[in-house]
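Can you read through this structure? Questions will come right after.
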Amino acid sequence: MARIPLDSHSAQEDASLIVQVRSGDYDSFTLLYNKYIRQLTQYGLKFTPDMGAVEDCLHDVFVWLWANRNKLNIHTSVKSYLFKSVRTTMLHWLQKQHRVQTINAGDDQSYTFELQLTPETLFLQNEQQRQIRQQIETVLLTLTAKQKEVIYLRYYEGLNFEDIAQNMNLSVKACYKLMGRAISVLRENMVCCLFLVLSFKL
Amino acid sequence: MDKYKQYQTEDFLQDENFIKWVLDPDAPGGQSWQAWMKANPDKREAAQRAVDIIRSFDFNKETIAENFYVNLKQRIDNTIEAEHRTPVRKMKIPGVWLKAACIVAGIIVIGIGYFNRRPSYTYFSTPYAAIKTVYLPDSTEVVLNANSSVRYSKSRGAREVLLSGEAFFKVRHVVMDGKTIPFNIHAGNSVIEVLGTEFNVKDLNNETAVFLKKGKVKFSIPASHTATLMQPNDYCYYNAAQQKIITRVANPDLFTAWMEHKYRFENATVKEVCETLKAYFGYDFIIRNDKLDTQTVSGTLELNNEQVMLTVLGELFKTKITKEGNKIIVE
């Protein structure tokens with residue numbers, strides 16, 4: 001899998017980087033940039049394919065981070081905080097672009113989150129996994145932007161539900177609920193698929 | 001771990017502990033899940049299904065050139081630097097001591113500036129496949145082609161611009177105390193000296209090319225003591241290998257079409273076309289047929305729609321073109 005490994009040292013490293021940044025250490029700021037800019041760029045591109053807009057937003061996020069380093073008040077993981085900053089800036093940009101009245105956290109329809117499975121199929125060793133993949137592909141089309149975003153942040157980026165809830169202005173409970181709904185859509189499709197597999201075996 | 005005995009696939013999918021294990025099986029505590037799966041064969045199928053689902057959530061990544069991140073960081077550095085700077089005020093200093101104090105302070109400030117190594121200039125850049133119009137502090141208009149950058153600074157009464165990639169300049173004529181302020185562009189080994197004029201500069205693969213639309217510019221290579229004074233519609237290029245400036249009269253459309261998101265080619269070799277597109281999109285072109293390299297083509301390519309562009313390119317080259325990730329393969 002071409003994912004970013006989640007090692008337990010990473011969070012501690014980030015926390016100490018932020019302490020350094022707060023004390024005005026520009027090198028730590030650069031380290032933080034180099035560590036997360038690739039993931040943040042991919043995340044930003046889920047909101048819009050406009051590379052220039054994503055570049056501008058990332059620029060603003062990091063400039064803001066440095067300018068307000070003394071006032072940083074981070075209650076989630078640093079990674080999650082950066083994701084939230086990108087999210088807020090991207091949604092703000094979308095709002096200006098499309099003159100959307102309000103991009104409300106509770107409103108699913110106000111933005112898009114373009115999510116597709118990777119074309120790489122290296123890990124698909126057996127037929128069952130291939131079927132699951134196909135199912136997920138169809139299910140992704142029916143999910144709302146928010147459901148897709150929760151899936152992306154939870155299972156791909158590895159942020160925990162508490163952090164995701166904070167990022168998306170949801171209660172933790174609502175976040176679980178959203179996840180549950182997305183999963184039940186998945187399951188309905190999976191059950192059909194399971195039936196097929198079983199009937200073949202018989 | 002008794003509660004897990006009641007778990008269905010969707011319960012596993014929402015369990016922090018379980019997800020952590022699937023995403024990072026080697027982390028401490030991972031073994032206990034492996035043991036649990038073995039000890040509870042009746043739950044194994046449900047859990048395995050959850051594992052498969054989570055592993056399937058591997059999403060498509062856009063390919064982005066490393067250059068993008070470097071340029072973006074530079075842009076961030078410049079903005080932060082610019083926000084730090086405060087305008088310098090002129091003061092009348094009465095005493096010699098005050099002057100001395102100012103000099104000492106000045107040295108300290110320069111020292112800090114030197115060690116921080118954040119230069120004071122204006123910087124603009126573009127990622128791959130994007131064209132941007134920017135204005136320098138002297139209100140000169142610059143249209144930047146993809147994956148290009150300009151750095152502007154003012155020193156000793158001249159405007160100095162460092163260019164990488166390709167850009168079209170509409171230089172503003174600035175007069176101060178009855179003297180025209182020079183505008184110099186440094187690209188590769190070349191220096192282009194300007195008064196007030198419109199022209200295109202391209203610096204690619206050790207070759208600097210200038211096309212002059214209006215006005216007058218001097219194109220020079222200080223290192224090899226060569227220079228030429230360009231007239232409108234002149235196209236000059238310097239090749240580092242040949243150490244020579246070559247001049248010919250050219251069709252303006254060929255050099256300015258990119259500003260309308262098009263590339264126009266007239267009797268260009270396939271190799272030249274591929275190099276131009278590589279500079280714009282950042283893709284590597286692999287030409288499978290050696291004979292194609294030197295074949296010449298003429299035509300226009302629209303850059304906005306990549307799919308259409310590749311189809312037209314195929315027709316232009318009269319061959320099959322396929323895209324594989326970051327590579328374009330020309331059969």
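Proteins get letters first, then strands, A, B, ... in listed order; numbering begins at 1 in each.
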Task: Most chain A-contacting option - heavy-atom pairs closer than 4.5 Å, from B/Lys132, B/Lys73, B/Gln8 - done: B/Lys73
Task: B/Glu16 side chain to A/Phe161 backbone, donor-acceptor under 3.5 Å - done: yes
Open item on the list: At a 4.5 Å cut-off on heavy atoms, which part of A/Gln116 comes close to chain B: side chain, backbone, both, or neither?
Closed with: both
TODO: Considering only heavy atoms and a distance below 4.5 Å, find which of A/Thr41, A/Leu140, A/Asp60, A/Leu58 pairs most often with chain B.
DONE: A/Thr41
Open item on the list: So that I know where these two stand, are B/Tyr128 and B/Phe281 an aromatic pair - ring centroids less than 6.0 Å apart?
Closed with: no
Open item on the list: Quick check on side-chain contact (heavy atoms from CB on, under 4.5 Å): which of A/Glu114, A/Met90, A/Met51 does A/Leu45 satisfy it with?
Closed with: A/Met51
Open item on the list: Is the distance from the ring center of B/Tyr280 to that of B/Trp258 below 6.0 Å?
Closed with: no
TODO: Give, as side chain, backbone, both or neither, the part of B/Ile76 having an atom under 4.5 angstrom from any heavy atom of chain A.
DONE: both
TODO: Go through the atoms of A/Leu117 and report whether side chain, backbone, both or neither lie under 4.5 Å from a heavy atom of chain B.
DONE: both
Task: Interface moiety of A/Asp56 toward chain B, non-hydrogen atoms closer than 4.5 Å - done: both
Task: By side chain to side chain contact (heavy atoms under 4.5 Å, CB included) - contacts of A/Thr142 (at least two apart) - done: A/Val139, A/Val185
